[in-house]
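The structure under discussion appears below in the form of structure tokens.
Chain letters run A, B, ... following the sequence lines, proteins first and then strands; every chain starts at 1. Keep in mind the model is a prediction, meaning the values are calculated, not measured.
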There are 2 protein chains.
Amino acid sequence: MAFSLPDFLPYLLNQAAEAASREFQSRYRSRYGMLRTEWRVLFHLGCYGELSAKQICERASIHKTKVSRAVAALQAKRYVSRTTDPDDRRREVLSLTRAGKRVFDALQVDAEECEAKLTAVLTPQEQAHLRSSLAKLMHFGS
Amino acid sequence: MAFSLPDFLPYLLNQAAEAASREFQSRYRSRYGMLRTEWRVLFHLGCYGELSAKQICERASIHKTKVSRAVAALQAKRYVSRTTDPDDRRREVLSLTRAGKRVFDALQVDAEECEAKLTAVLTPQEQAHLRSSLAKLMHFGS
DNA sequence: CGCTAACAGTTGCTTTTGTAACTAACAATG
DNA sequence: CATTGTTAGTTACAAAAGCAACTGTTAGCG
């Protein structure tokens, strides 16, 4: 039986992911000069509150050097502040500054618009199925 | 209403795509020293026969510089050969060498194994829905 | 305690990607 | 046919990612 590239899940997933990302990317990039890892870190802090770099790495499965540099960039933009955890001085607790919260709020609106555009091509049932399947695949290797 | 990061499609899609890619990546990387764009180019030629770089760019929506470099790398590995199209001497027609075909055949087996592992976490119906939704999202911006 | 191992995070160096400018070939217009 | 514009593909330079080695801190164990 012939192999079909457009049915190969890693390929299909990647194509869909890139198409979806492009839409949102234009917003955080042009307006705030942020990189992909940067908005992710910002959103993690915005959605879940204070976290250490390590916790972000685990939740998002991003490598620690990427997070480290994203945090440094966000700190340079004054969106994120850090304090050393007094109970474990290796740990740096990250949180959004007021400016960071404002940017998060603004990008949240963009994200919702983007989500609306994407989900518009799917029925509510398709959306539910998609999310459920993606969630299963996401935790694949772990 | 609170924004939920794990329900945000660009994020969810990306996480799932990366998880799925990791599985296959280990194979083409360790065994053939190939990069992501390289296996894609190889598979395009393997699945569809002779193509120009431009055609691969369009089909896979990969930037032309990435394809250019992937083709150069595949040519250096003697997996791909090129001939100038006599009807349009700007055009370079690419095709797999015998060695390239062998590698393609081997990787096809790996791809099918990988696909099987991934689809194992989904029912046949879920798979069908997933593919259909991904296909819709894939052609989003175009 | 003192020693070793593990951990959080950073930095330096290499590889890969992105962007823009380039070459070479064709096409259209006057 | 000259000139201007367009296309296929490459290359040079800058930005970003990956990897390994490093610092500083905590934890375990003799």
Side-chain angles (χ1 to χ4, degrees), chain A residues 14-15 17-19 21-22 25-26 28-30 32-42 44-45 50-77 80-95 141, chain B residues 14-15 17-19 21-22 25-26 28-30 32-42 44-45 50-77 80-95 141:
Chain A
N14 194 75
Q15 293 292 96
E18 295 222 333
S21 287
R22 265 191 288 279
Q25 185 176 12
S26 60
Y28 62 76
R29 248 189 91 174
S30 63
Y32 304 102
M34 284 168 74
L35 258 31
R36 193 192 294 211
T37 311
E38 291 174 39
W39 82 255
R40 290 213 200 169
V41 168
L42 189 92
H44 273 271
L45 295 174
E50 301 195 332
L51 293 170
S52 69
K54 184 76 196 309
Q55 289 175 297
I56 297 173
C57 291
E58 282 162 359
R59 279 176 182 266
S61 34
I62 308 176
H63 195 270
K64 59 182 180 173
T65 60
K66 255 169 112 176
V67 171
S68 175
R69 287 191 250 246
V71 168
L74 290 171
Q75 205 176 9
K77 293 185 182 85
V80 162
S81 65
R82 73 209 304 171
T83 58
T84 304
D85 181 349
D87 295 341
D88 181 349
R89 293 195 354 266
R90 290 172 300 186
R91 213 167 156 263
E92 301 275 323
V93 181
L94 307 167
S95 54
Chain B
N14 194 76
Q15 293 292 97
E18 296 222 333
S21 288
R22 264 191 289 279
Q25 184 176 15
S26 61
Y28 61 76
R29 250 191 89 174
S30 62
Y32 303 102
M34 285 168 73
L35 259 30
R36 191 191 292 206
T37 311
E38 291 174 40
W39 82 255
R40 290 213 200 169
V41 168
L42 190 93
H44 273 270
L45 296 173
E50 301 196 332
L51 291 171
S52 69
K54 183 77 196 307
Q55 290 175 298
I56 296 174
C57 292
E58 281 161 1
R59 279 175 182 266
S61 35
I62 308 177
H63 195 271
K64 60 182 180 173
T65 59
K66 257 168 111 175
V67 171
S68 175
R69 289 191 255 243
V71 168
L74 290 171
Q75 205 176 8
K77 294 186 180 85
V80 162
S81 65
R82 72 207 306 170
T83 58
T84 304
D85 181 349
D87 295 340
D88 181 349
R89 292 189 3 262
R90 290 171 299 184
R91 215 168 155 263
E92 302 275 323
V93 181
L94 307 167
S95 54

Expressed in angstrom and rounded to an integer, what is the separation of [X] atom [atom1] from [N] atom [atom2]?
{"X": "B:E18", "N": "D:dA17", "atom1": "CD", "atom2": "C1'", "answer": "12 Å"}
{"X": "A:I62", "N": "C:dT10", "atom1": "CD1", "atom2": "C1'", "answer": "17 Å"}
{"X": "B:R91", "N": "D:dT6", "atom1": "CZ", "atom2": "C1'", "answer": "17 Å"}
{"X": "B:E92", "N": "D:dT11", "atom1": "CD", "atom2": "C1'", "answer": "15 Å"}
{"X": "B:R36", "N": "C:dT17", "atom1": "CZ", "atom2": "P", "answer": "9 Å"}
{"X": "A:E38", "N": "D:dA15", "atom1": "CD", "atom2": "P", "answer": "14 Å"}
{"X": "B:L35", "N": "C:dG18", "atom1": "CG", "atom2": "P", "answer": "12 Å"}
{"X": "B:R40", "N": "C:dT17", "atom1": "CZ", "atom2": "P", "answer": "11 Å"}

Sugar-phosphate, base or nothing in reach of A:T65, heavy atoms under 4.0 Å: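 Answer is base: heavy atoms of A:T65 come under 4.0 Å of a base.
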Does some side-chain heavy atom of [Y] sit less than 4.5 Å from a side-chain heavy atom of [X]?
{"X": "B:R36", "Y": "A:N14", "result": "yes"}
{"X": "B:V71", "Y": "B:E92", "result": "no"}
{"X": "B:L45", "Y": "B:I56", "result": "yes"}

5′-ward residue of the pair A:H63/A:R90 relative to DNA chain C: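 Comparing both residues, the 5'-ward one is A:R90.
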5′-ward residue of the pair B:D85/A:S68 relative to DNA chain C: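 First, find each residue's nearest nucleotide; the 5'-ward one identifies A:S68.
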Residue A:R89, side-chain atoms from C-beta onward, closest of D:dT26, C:dC26, C:dT11: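 Of all the options, the side chain of A:R89 is nearest to D:dT26.
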Does [X] place a side-chain N or O at less than 4.0 Å from the phosphate oxygens OP1/OP2 of [N]?
{"X": "A:K64", "N": "C:dA8", "answer": "no"}
{"X": "A:R82", "N": "C:dT10", "answer": "yes"}
{"X": "B:K66", "N": "C:dT17", "answer": "no"}
{"X": "B:R29", "N": "C:dT16", "answer": "no"}

Distance-only donor-acceptor test (3.5 Å): side chain A:R69, base C:dG12: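 Answer is yes: a donor-acceptor pair is held.
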Shortest non-hydrogen contact between A:L94 and A:A53, atoms and distance: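 A:L94 and A:A53 have their closest heavy atoms at CD1-N, 3.8 Å.
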Partners meeting side chain to side chain donor-acceptor pair (under 3.5 Å) with B:K54 (sequence neighbours left out):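 For B:K54 the side chain to side chain donor-acceptor pair (under 3.5 Å) partners, ignoring immediate neighbours, are B:E58.
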